[in-house]
Structures are given as C-alpha cells and as structure tokens.
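To start, the structure itself, in structure tokens.
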Amino acid sequence: SISMNTQGGFTFDLCKRNNFLQTKGVAPPKSKKTGTTICGVVFKDGVVLGADTRATEGPIVCDKNCEKIHYIAKNIYCCGAGTAADTENTTELISSQLELHRYATKRQPRVVTALTMLKQLLFRYQGYVSAALVLGGVDSTGPHLHTVYPHGSTDELPYVSMGSGSLAAMAVLEKDYKKDMTEEEAILIVRNAIRAGIFNDLGSGSNVDICVLKKDSTNMLRNYETPNPRVPRREAGYTFPRGYTEVLNEAKENFNRVEIQDAPVPMEI
Amino acid sequence: MPQLSDLIGSFVDDKICYDTGYQAPSQPATHTTQPIVTGSSVLGLKYKGGVILAADTLGSYGSLARFRDIRRITTVGKNILVGASGDYSDFQKIQELLEEVVAEDYCLDDGRTHTAKEIHSYLGRVLYGRRNKMDPLWNTLVIAGVENGNSFLGQVDLLGTQFEDDTLATGFGSHIARPLLRNAYNENLTEEEARKIVLDCMRVLFYRDARTIIKIQ
C-alpha cells in the first residue's frame with residue numbers, strides 16, 4: 001500500500017500497536033502537563049499577563065519553577081496551559097513563522113497575525129495538540145488580549161484566565177476588574193488572580209510570573225513574587241556548644257606500660 | 001402438574017388462585033442514580049459572633065430554570081441553619097427528618113435542644129448510612145449555628161464526608177467563591193462586612209455559573 005505521509009498532520013498507525021501493548025501490560029509514558037493558572041488583563045496602556053510556575057506529571061510536581069510565559073515577538077507574549085510539550089513547541093513554531101513574516105512585511109508584527117497562525121495550526125490538529133493559550137500584546141492597532149482553545153476557537157476579551165486554576169483566578173478577576181486601570185492596579189489584580197490559583201488549586205503552585213506589555217516596552221518580571229519559598233534548615237551546618245551532650249558517667253584507666261611497636265617493614269617484591 | 005415456578009406470583013385463598021402479576025426482575029433494583037431538580041451553590045462564612053449563609057432561589061430541571069423561587073436554606077429550632085445544594089426532593093426529605101428531631105426535642109422538654117454540631121453529626125451519619133446502602137440523598141449540606149457566642153459552620157456531602165471550616169461553598173461555588181471567601185476571612189469580621197463579601201461572591205457566581213438566577217436567599 002502507498003503511504004500518504006507527504007500530506008502532513010497525524011498518522012494514527014501506531015495507535016493499534018499502542019493498544020496491543022496496553023493489553024500486554026505495557027503502560028504508555030505519562031505526558032507532562034502544566035496543570036496551570038494563567039491569566040491576562042488589558043489596562044489603559046497595554047496588557048499584563050500572569051502565570052504560576054508549577055509543572056505536573058499526574059500527581060507529581062516535576063518542575064517547581066518552569067516558565068509558562070513564552071516569547072512570540074518583542075511586543076507579543078503567550079501564556080500556555082495544557083501539555084507542556086505542545087505549548088512550548090507550538091509557541092516556538094509560531095514565533096519563528098512570525099519572524100519570517102516580519103521580514104517579508106517589514107512591519108511590527110500584529111497580535112491578530114499570531115492569533116490566526118495559532119488557531120489555524122490547532123484546528124488542523126483537531127484538538128489533539130493540547131495547548132490552551134492566553135495571547136497578549138500591543139501593536140500599531142492598540143493592546144489586544146486573546147484566548148486560544150485546543151480545538152482552535154478564539155476569544156478577544158478584556159480579562160481572561162485558563163488552566164485548572166482558571167475558576168479561582170476568574171473569580172478574583174470578576175470581582176476586581178475595572179476599565180482603564182493603571183499599570184500598578186493591573187499588576188496587582190493579575191498577581192492576586194494567580195495567587196488565588198496557586199493557593200486554591202492543586203495543579204498550580206510555586207511562584208508568580210508577570211509580563212507587562214506596553215506600546216514601546218516589554219517588561220518580563222520572572223518570579224515577580226515567590227510566596228512559597230523553600231525555608232532552609234541551617235545551611236551552615238550544626239554547631240554544638242560544649243556541654244550540649246549530657247555525660248552520664250565517666251571511667252578513667254591509667255596505662256603504666258606503653259609498648260612501641262616498630263612500623264611494619266614492607267615485603268620485598 | 002403445577003410447578004413451583006407457576007405458583008410464584010400467585011396465592012390461594014379458599015381454593016381460588018390469584019395471580020398477583022409478579023415477575024422476577026431481569027435487572028437488579030437501582031436507586032437514585034441522578035439528581036432531578038437541583039439547586040446550585042450554597043455559601044457560608046463565619047464572622048465575629050455569628051455565621052451567614054447565602055444561596056440563590058433557583059431549582060433547575062437539567063438546563064431549564066424551572067422553579068424560580070424555592071428556599072434552599074431552612075431553620076432548625078431557634079438558632080441553626082441548614083442549606084442544601086443538589087437534589088431538591090432529597091432536601092425535602094432531610095427537612096422532614098430535621099422536623100422529627102425538633103419534635104423529639106420538644107417532647108422531651110428537658111430545657112436542652114440539639115446544637116448545630118449535633119445536627120451536623122446527625123446528618124453526617126444519615127447521609128453516610130444512605131450512601132452505604134447505595135441509595136444516597138443527593139445533597140451537599142451546609143450546617144451553621146451559634147452556641148454561647150461561638151459560631152459553627154460545617155459541611156456534609158452525599159458520600160457522607162463531614163468537616164468544619166471557617167468558610168464553605170458547595171457545588172460550583174467551591175471552585176469560584178471559596179478562594180474569594182478564604183482571602184476575605186478574618187476572625188474579626190463584622191456582620192456588615194461578611195454580608196458584603198458574601199454578596200460579592202454571589203455576584204461573581206451569577207456571572208460565571210450557568211445554573212443560577214439573580215434572586216438570592
């Protein structure tokens with residue numbers, strides 16, 4: 001039979017093999033999910049994106065400080081939730097496609113361009129690429145904030161959250177969001193939303209990352225807040241003051257005769 | 001010749017044979033497998049010297065907003081509140097059980113009534129027992145009360161899980177409202193502040209929970 005590999009997309013031939021292996025007791029490896037809280041907020045001069053830093057493999061934390069805010073262009077960043085490999089590779093692919101596009105158009109890239117590239121890619125894979133993204137940036141048309149779902153649908157909204165901690169974060173955003181905030185207010189509300197996810201959702205944890213995108217500047221605040229520091233036990237080691245160990249009893253013996261033995265002579269070979 | 005199997009489902013009275021129409025069931029008997037008319041979240045928050053509960057007044061029939069003015073929080077005696085989310089008919093059964101408890105207190109007439117903690121324990125045992133019989137009362141209950149100035153707030157769910165906390169939310173509220181309640185809680189809340197916090201949470205739930213309406217209790 002002729003293979004149609006040149007078409008692109010997925011071939012599902014190996015699924016039959018995997019099913020067979022599973023019946024024989026060979027379990028497939030667990031994918032590394034990000035189990036995340038990510039959110040974004042539009043303020044007066046731009047967009048603030050936020051993310052937690054925990055990556056999970058099932059119930060185990062496999063990375064305590066991973067980076068979930070990915071670079072797409074100097075003025076466009078993207079937070080990713082879902083399977084870590086999918087979010088990482090999808091955003092890198094679109095980032096390089098966008099760079100080539102920028103050389104061709106000789107203009108600053110627009111957020112909607114990145115959005116269209118992402119949604120067309122994800123729709124082509126019919127939801128099998130498990131990447132749920134929060135895309136934000138500022139271009140010549142102003143600040144924009146979008147969500148992209150794994151099946152390829154998108155939304156444009158003034159405030160968004162995605163991931164397992166999205167309900168906790170959205171609760172905070174719904175309560176405190178108002179139009180035309182200042183940069184400080186926007187950073188505070190995003191930080192509060194991510195903290196709600198970190199402390200109330202088990203799939204999110206560790207630190208808060210923030211990215212502030214404005215018309216002419218981008219500020220990536222990696223580990224903006226670390227509310228879960230690892231408290232070190234005495235790093236210098238322990239010192240025990242004299243008398244710390246209780247002496248229970250003492251016994252002294254005097255040796256009158258001391259015999260000195262000659263050092264042993266090595267054997268001649 | 002008549003077989004034993006012919007006689008099953010019939011009985012003889014004065015030599016007349018009656019057929020009761022009994023047929024051996026082809027499937028095992030099943031009980032509650034899904035809730036029918038449901039209530040959404042119930043929120044609970046302790047403040048200094050008291051407790052506040054809030055719930056909306058909607059009874060959903062699947063995705064239909066069928067009963068728009070039901071009461072999902074009930075009083076037990078003078079100073080205990082029980083709120084329920086989940087199946088409304090099972091909550092009505094629980095209300096009957098609680099009335100029996102109150103009646104027993106009244107009849108004993110010994111100057112003592114059940115406290116909120118005791119009602120919490122009682123409902124926990126009832127729900128756990130029903131779950132073990134594979135016939136659950138499909139509710140998550142919030143029990144609140146005040147004894148001697150100490151406020152009590154506890155939750156029991158359809159599996160029989162029992163616990164107490166300073167802030168509680170059932171259903172969708174556990175994902176959306178609980179973070180907000182936890183952030184806002186402190187030991188010295190006044191009633192006004194607690195009311196405001198709970199109303200804020202109900203507002204966010206109205207935004208984000210599809211099975212709510214704007215009227216609250």
Side-chain angles (χ1 to χ4, degrees), chain A residues 35-42 50-52 54 56 81 132 134 145 147 149 153 155 157-179 185 187-208 225 227-228, chain B residues 40-47 52-56 85 140 142 153 155 157 161 163-187 189 192-214 216:
Chain A
T36 306
T37 308
I38 50 175
C39 73
V41 145
V42 173
D52 74 308
R54 176 184 282 187
T56 52
V134 168
L145 180 65
T147 49
Y149 288 85
S153 63
D155 288 313
L157 292 163
Y159 54 96
V160 295
S161 73
M162 298 282 264
S164 57
S166 66
L167 279 87
M170 185 49 82
V172 173
L173 292 174
E174 284 283 13
K175 188 158 175 276
D176 294 334
Y177 176 80
K178 41 189 214 290
K179 268 185 82 170
E185 288 172 334
I187 292 178
L188 184 69
I189 187 179
V190 165
R191 168 251 190 203
N192 283 340
I194 300 295
R195 276 178 74 103
I198 285 173
F199 291 117
N200 293 293
D201 175 46
L202 295 172
S204 315
S206 301
N207 318 124
V208 182
E225 199 175 300
N228 295 301
Chain B
S40 188
S41 335
V42 176
L43 307 183
L45 179 65
K46 275 195 203 171
Y47 59 91
I52 186 167
L53 287 191
D56 70 1
S85 68
T140 310
V142 174
L153 186 61
Q155 182 174 310
D157 77 359
T161 318
F163 61 92
E164 295 168 49
D165 204 348
D166 301 322
T167 65
L168 283 178
T170 65
F172 220 75
S174 66
H175 293 107
I176 293 202
R178 202 90 187 268
L180 298 173
L181 291 171
R182 277 181 180 156
N183 270 348
Y185 173 76
N186 70 66
E187 278 173 351
L189 280 177
E192 285 308 304
E193 291 171 346
R195 201 187 205 119
K196 181 178 177 307
I197 292 163
V198 159
L199 283 175
D200 274 341
C201 290
M202 293 304 290
R203 184 176 311 119
V204 177
L205 276 173
F206 179 67
Y207 289 153
R208 289 286 157 174
D209 183 2
R211 304 279 183 267
T212 50
I213 53 169
I214 197 60
I216 60 174

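Heavy atoms only: backbone and side chains are in, while hydrogens, waters and symmetry mates are out. Order of the sequence lines sets the chain letters (A, B, ...), proteins ahead of strands, with each chain counted from 1.
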Q) Looking at A:Met170, A:Glu174, A:Lys175, which one has more heavy-atom pairs under 4.5 Å with chain B than the rest? A) A:Glu174
Q) Within a reach of under 6.0 Å around CZ of B:Arg182, are more than 12 heavy atoms found that belong to other residues, nucleotides or ligands? A) yes
(Q) Counting neighbours of CG on A:Leu202 that are heavy atoms of other residues, nucleotides or ligands and sit closer than 6.0 Å, is the number greater than 12? (A) no
Q. When rounded to the nearest 0.5 angstrom, what is the spacing between CG in A:Asn200 and CG in B:Leu181?
A. 10.0 Å
**Q.** Residues of residues 167-175 of chain B with any heavy atom under 4.5 Å of a heavy atom in chain A
**A.** B:Phe172, B:His175
Q) Relative to chain A, which segment of B:Arg203 carries a heavy atom at a distance below 4.5 Å: side chain, backbone, both, or neither? A) neither
Q) At what distance, to the nearest 0.5 angstrom, does CZ of B:Arg208 lie from CG of A:Leu173? A) 8.5 Å
Q | chain A contact via B:Leu180 - side chain, backbone, both or neither, heavy atoms under 4.5 Å | A | side chain
